[in-house]
Amino acid sequence: MAKILVTGGLGFIGSHTVVELVNAGYDPVIVDDLSNSNAKILNQLAKIIGYKPAFYQLNLCNEQGVKELAKNEPNITGIIHFAAFKAVGESVQFPLKYYRNNLYSLLNVLNVYDSKPVNFVFSSSCTVYGQPDSLPVTEDAPVKSAESPYGNTKQIAEEMLKDMSAAGSNYKIIALRYFNPVGAHETALIGELPIGVPQNLVPFITQTAIGKRQKITVFGNDYNTPDGSCIRDYIHVVDLAKAHVAALKLMETKGFTGYDVFNIGTGKGSSVLEVIKAFEQTTGIKLAYTIGPRRDGDIEKVWGDVTKSKNVLKWKTELDLDTMMQSAWEWEKYIAQNPL
Ligand code: WQD
């Protein structure tokens, strides 16, 4: 079976991708420094896929450690690189921490496998678009100056990968620009594990529903949108995970060379208030929320044009907003009963 290195593989998106890799007949090898994940996710994964995948606890900024990893795992045919810090607000407070971690770790991984024909999938983000001039946003939309050091690390990383490819690297490279990943696996055995007070909307909703949080603050209802609240393209994390398998498959086909980038979203926008309503209708739980001031750094509205993903990546989403809400809720209830 083709061995795929999954950096950050115990994280929210990483763990769901490990499941889909196994479902597709790959052999995932997880690398994670556990700075934003939990080693017990390995046991959870074993309950889903039937075995504990190979796991290395390693900070990819440790150059020597990455070289040793490559010696231990010489037969890697693909790499899916999730490992990065991703809290926008924190990146504004501690920019150097973000530039060092997100870029130095990427450089180390690229260096050790550069001499082999490896398929490289990079975890990028719709953050690179900023507030697009027109919607839905296509992959050739101008990349705007980043709204945060986090977003800038994604832009710089994409430039690095493009330049490598243009220089004739052995890597085949695909960057996936995620919109807003939410939800959880249908088994409710893996899901989002925010540390402390959740920054993101959906974990805050589920923690409010279960009573861990008093109420949700809707950050602004005076935007130029139908109900005044911000619009995002929320995508089920399992659909997102499957996009990584599709990217590997595309790079394994003869016709693919070099570098390409794809929007990974539903192509549909939902407002904050619509998400709250979808959660209430799907679960039957009334949510307490108030309207508060806008949050610094938020863009007003963004959703992706996913035509290229459908036609070239041969991938599209299958799960709807209600399923995203239901699965997120099932996971919240599970983790409340079974803390890791
Ligand atoms: C969504 C909407 C908030 C919390 C994040 C990351 C970004 C990317 C995608 C990785 C916004 C509103 C939120 C709350 C609210 N991840 N909100 N009350 O900011 O679109 O993007 O996920 O690449 O880097 O930042 O997601 O879930 O934080 O916010 O009203 O308590 O929900 O204002 O409009 P965001 P989010």
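Whatever order the structure lists them in is the order used to number ligands and atoms, beginning at 1. Just the heavy atoms: all of them, side chains too, but no hydrogens, waters or symmetry mates, feed the values below.
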Flag for [Y]-[X]: side-chain donor and acceptor within less than 3.5 Å:
| X | Y | answer |
| --- | --- | --- |
| Gln64 | Lys67 | no |
| Asn263 | Tyr129 | yes |
| Glu158 | Ser124 | yes |

side-chain hydrogen bond (donor to acceptor under 3.5 Å, both in side chains) partners of residues 105-117, not counting sequence neighbours, each pair once = Asp114-Ser169
Among residues two or more places apart or on two chains, list those pairs meeting side-chain hydrogen bond (donor to acceptor under 3.5 Å, both in side chains) that have a residue in residues 208-219.
-> Gln207-Arg213
What are the atom names and distances for all N or O pairs under 3.5 Å between ligand 1 and the protein?
unit_1: ligand 1; atom_1: 18 (N); unit_2: Thr217; atom_2: O; d: 2.8
unit_1: ligand 1; atom_1: 19 (O); unit_2: Arg295; atom_2: NH2; d: 2.9
unit_1: ligand 1; atom_1: 20 (O); unit_2: Asn180; atom_2: ND2; d: 3.0
unit_1: ligand 1; atom_1: 20 (O); unit_2: Arg232; atom_2: NE; d: 2.7
unit_1: ligand 1; atom_1: 23 (O); unit_2: Ser125; atom_2: OG; d: 3.1
unit_1: ligand 1; atom_1: 23 (O); unit_2: Tyr150; atom_2: OH; d: 2.5
unit_1: ligand 1; atom_1: 26 (O); unit_2: Asn180; atom_2: ND2; d: 3.1
unit_1: ligand 1; atom_1: 27 (O); unit_2: Asn200; atom_2: ND2; d: 3.4
unit_1: ligand 1; atom_1: 27 (O); unit_2: Leu201; atom_2: N; d: 2.8
unit_1: ligand 1; atom_1: 28 (O); unit_2: Gln199; atom_2: O; d: 3.4
unit_1: ligand 1; atom_1: 28 (O); unit_2: Asn200; atom_2: ND2; d: 2.9
unit_1: ligand 1; atom_1: 28 (O); unit_2: Arg295; atom_2: NH1; d: 3.3
unit_1: ligand 1; atom_1: 28 (O); unit_2: Arg295; atom_2: NH2; d: 2.9
unit_1: ligand 1; atom_1: 29 (O); unit_2: Arg295; atom_2: NH2; d: 3.3
unit_1: ligand 1; atom_1: 30 (O); unit_2: Thr217; atom_2: O; d: 3.4
unit_1: ligand 1; atom_1: 30 (O); unit_2: Phe219; atom_2: N; d: 2.9
unit_1: ligand 1; atom_1: 33 (O); unit_2: Asp298; atom_2: OD2; d: 2.5

Do any pairs count as a ring-ring contact (aromatic ring centres under 6.0 Å, His included) and have a residue in residues 137-168, sequence neighbours left out, and if so which ones?
-> none
